[in-house]
*Asks:* 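Let me give you the structure first, and then I'll get to my questions.
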Amino acid sequence: MNHHAPHRLTMSVAALAAPAFSMLSSVAHAQGLPTLEDPSRGTGSGIIDTLRNYSYDMVMLIALLVIASMFIGVSYHAYGTYAEIHTGRKTWGQFGLTVAVGAILLVVGIWLLTRATGIL
């Protein structure tokens, strides 16, 4: 019984796989596929720093989505208040209060998310 046969098989598969992977890499570049961009803070000194920088970019994207949804919510509520002015259910003073409180909420939300992302 030959105990080295599985080792030889593994070595031959590895010897065939290396050129195949290098050909795949050259085919990917030949097809004009986009390359992965570096994170906004740079690649860092190692894989952990690079992953940390990519996660920072993802957190910033989520923060931007939160602020955008807050803006849409405030705008929707202000528009609803404006529409109710014409039916007589709300007054212009209530509309102004809605816009002022919404603006304050947006400023506080942006400030809090900026502080939170600064911790990263």
Side-chain angles (χ1 to χ4, degrees):
M1 183 171 210
N2 189 355
H3 294 289
H4 298 290
H7 180 65
R8 286 186 194 154
L9 180 63
T10 305
M11 291 298 289
S12 64
V13 169
L16 291 174
F21 284 128
S22 67
M23 285 180 6
L24 283 175
S25 175
S26 64
V27 169
H29 288 292
Q31 296 297 323
L33 295 175
T35 58
L36 186 63
E37 288 188 25
D38 290 338
S40 62
R41 294 206 231 167
T43 56
S45 61
I47 188 85
I48 298 297
D49 285 339
T50 303
L51 289 174
R52 192 175 294 144
N53 292 341
Y54 275 121
S55 65
Y56 173 80
D57 287 349
M58 284 186 252
V59 168
M60 289 298 288
L61 178 64
I62 291 169
L64 180 65
L65 292 173
V66 167
I67 293 297
S69 66
M70 284 176 62
F71 181 78
I72 290 170
V74 167
S75 299
Y76 179 77
H77 185 67
Y79 179 75
T81 303
Y82 175 76
E84 290 181 352
I85 288 172
H86 298 292
T87 61
R89 286 186 271 178
K90 299 275 181 155
T91 64
W92 283 103
Q94 290 172 320
F95 174 73
L97 185 62
T98 298
V99 170
V101 170
I104 291 170
L105 284 174
L106 283 172
V107 168
V108 168
I110 291 169
W111 179 75
L112 285 174
L113 284 173
T114 303
R115 297 284 294 188
T117 55
I119 293 171
L120 298 174

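Any value given below was found using the heavy atoms of this structure, including those in side chains, with hydrogens, waters and symmetry copies removed. Residue numbers run from 1 in the order of the sequence given.
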*Asks:* To check you understand the geometry: which heavy-atom pair defines the closest contact between K90 and Q94, and what is its length?
*Replies:* CA-OE1, 3.0 Å
*Asks:* Among residues two or more places apart or on two chains, list those pairs meeting salt bridge (Lys or Arg N to Asp or Glu O under 4.0 Å) that have a residue in residues 97-106.
*Replies:* none
*Asks:* Sequence neighbours left out, what pairs pass side-chain hydrogen bond (donor to acceptor under 3.5 Å, both in side chains) with at least one residue falling in residues 52-75?
*Replies:*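 Residue pairs with at least one partner in residues 52-75: S40-D57, D49-R52.
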*Asks:* With rounding to the nearest 0.5 Å, note down the distance linking CD1 in I67 to CD1 in I72.
*Replies:*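 Answer rounded to 0.5 Å: 11.5 Å.
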*Asks:* Donor-acceptor pairs are to be reported for all side-chain atoms of residues 104-112 against protein atoms at under 3.5 Å, with residues two or more places apart or in another chain.
*Replies:*
none

*Asks:* Given V101, which partner from the list V99, L97, T98 fulfils the side-chain contact (heavy atoms from CB on, under 4.5 Å) test?
*Replies:*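 Testing V101 for a side-chain contact (heavy atoms from CB on, under 4.5 Å) against V99, L97, T98 leaves exactly one candidate, L97.
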*Asks:* Distance from L113 atom CG to M60 atom CE, nearest 0.5 Å?
*Replies:*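 L113 CG to M60 CE: 9.0 Å, rounded to 0.5 Å.
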*Asks:* Quick one: which residue pairs count as a salt bridge (Lys or Arg N to Asp or Glu O under 4.0 Å) with a foot in residues 59-70, not counting sequence neighbours?
*Replies:*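 Pairs touching residues 59-70 that pass the test: none.
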*Asks:* When Ile, Leu, Val, Met, Phe, Trp and Tyr are grouped by side-chain heavy atoms lying under 4.5 Å apart, directly or through other members, which residues fall in the same group as I48?
*Replies:*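 Members other than I48 - counting any ILVMFWY side chain reachable under 4.5 Å - are I47, L51.
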*Asks:* Using the salt bridge (Lys or Arg N to Asp or Glu O under 4.0 Å) rule, collect all pairs that involve residues 98-111, keeping only residues at least two apart or in two chains.
*Replies:* none
*Asks:* Would you be so kind as to tabulate the donor-acceptor pairs closer than 3.5 Å made by side chains of residues 80-88, with sequence neighbours excluded?
*Replies:*
residue : atom : partner : partner atom : Å
T81     : OG1  : H77     : O            : 3.0
Y82     : OH   : H86     : NE2          : 3.3
T87     : OG1  : E84     : O            : 3.0
T87     : OG1  : R89     : NE           : 3.4

*Asks:* Can you tell me which residue pairs pass the salt bridge (Lys or Arg N to Asp or Glu O under 4.0 Å) test with a partner in residues 107-120, sequence neighbours excluded?
*Replies:* none
